[in-house]
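This structure is in structure tokens; I'll ask about it shortly.
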Amino acid sequence: VGDPSNNRVHPVNREGNVIAAGGIAGRSQGYVTRARGVAFGPEGSIAVGDTFDHRIELFASDGTYIGQHGPLSRTGFAAPADSPTRFLLPETVAYDKDGYLWVSDSGNDRVKRISPSGETVLVTPEATVIRPRGIAVAPDGSAYVADSGQNALLKVDVDGSVGVARADLKAPFGAAWGGPGATPSVWVATSTNIVDALGTARIDPPFGAKTWERPDSLVFAPDGTLYVSESRPKVENGARVLRGTPDGNGGYGWDGVWL
């Protein structure tokens, strides 16, 4: 779990226990500053969107630092820039089935796809994406992007073409492929809702609440369990991670992984 306010990344076990706290604010190897995205690669490695350090850090499954995307400047650190291999406030990271890493390079208003060897193979055309946030990778390798600047869900194909999948979303943030039904879809977290962006369904908020309170990101586990990070900005120390267990009727039973 990316914990941006505390400049850490937390591993959480299946029982919902936080088993470590990794990271120190800073630009050195293995440090993170406002880390907002975490993704597991096919071979078990971990990519972290180190947002305020303008880079993507790479770790082995045991947490050992193994490298980064975002070339070093002459001072020895990743520098913000808009060249194809650099980043400016990168946020979400997501791997596709072939091991390519998709990155929402939010400050540069673009999405990038990076090969397993580290080569940048795709950069979305200028002016097609504005403040990208969440990324959901579909089985065909394309990526659905929550575009907060245009209040839309975009579809980015592996050839770099960009299309609008839905244009009426309010402040979209997180995105995930999966869902409670038999047919997977793209689910998007907005400021107060979690919706099927390609349909009409919604996921009810937990514990009888009327709306969600700023759900920033979400992910579906292979068994259908849904994890949601909810920032709850109006609640002091209210940020939490929730686990939703499918109830068999299209809904979820909720408990707190980290409250």
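Predicted, not measured: the structure shown is a model, and the values here were computed from it. Hydrogens, waters and symmetry mates are skipped; everything else that's a heavy atom, side chains included, is used.
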With a 4.5 Å heavy-atom cut-off, do Trp102 and Val158 have their side chains touching?
yes

How are the rings of Phe220 and Tyr252 set relative to one another: parallel (under 30°), tilted (30 to 60°) or perpendicular (over 60°)?
tilted

Nearest 0.5 Å, please: how far is CZ in Phe87 from CZ in Arg110?
8.0 Å

Nearest-0.5 Å distance that lies between atom CG in Leu198 and atom OG1 in Thr183
11.5 Å

When rounded to the nearest 0.5 Å, the distance separating CD1 of Ile203 from CG of Leu218 is 7.0 Å

Test item: Arg166 side-chain N/O and Asp196 main-chain N/O as donor-acceptor pair under 3.5 Å:
yes

At what distance, to the nearest 0.5 angstrom, does OG of Ser231 lie from CZ of Arg240?
10.5 Å

Hydrophobic cluster membership, with links at side-chain heavy-atom distances under 4.5 Å among I/L/V/M/F/W/Y: are Trp187 and Val195 in one?
no

Checking Arg214 against Phe173: charged group under 6.0 Å from the ring centre and within 45 degrees of the axis?
yes

Check residues 116-125 and write down every donor-acceptor pair under 3.5 Å in which the side-chain atom is one partner and the other belongs to a residue at least two apart or another chain.
unit_1: Ser117; atom_1: OG; unit_2: Ser115; atom_2: OG; d: 2.9
unit_1: Thr124; atom_1: OG1; unit_2: Val111; atom_2: N; d: 2.9

Would Tyr144 and Ser185 count as a side-chain contact (heavy atoms from CB on, under 4.5 Å) here? Give the steps.
CA-CA 10 Å; Tyr144 288 87; Ser185 187; over 6 Å; no

What distance do Asp105 atom CG and Glu91 atom CD have between them, rounded to the nearest 0.5 Å?
10.0 Å

Test of understanding: clusters of I, L, V, M, F, W, Y form through side-chain heavy atoms closer than 4.5 Å, transitively. Do Val145 and Val186 belong to the same one?
no

Flag if over 12 foreign heavy atoms under 6.0 Å of CD, Glu43
yes

Leu58 side chain near Ile46 side chain, heavy-atom distance below 4.5 Å:
no

Do Arg113 and Asp96 sit within salt-bridge range, that is, some charged N less than 4.0 Å from a carboxylate O?
yes

Separation between OG1 of Thr190 and CG of Leu169, rounded to the nearest 0.5 Å:
7.0 Å

For residues Trp212 and Trp254, establish whether the separation of their ring centroids is below 6.0 Å.
yes

Test Ser229 against Ser217 for side chain to side chain donor-acceptor pair (under 3.5 Å), laying out the working first.
CA-CA 5 Å; Ser229 65; Ser217 62; 2.6 Å; yes

Salt bridge or not for Asp204 and Arg202, using N-O below 4.0 Å?
no

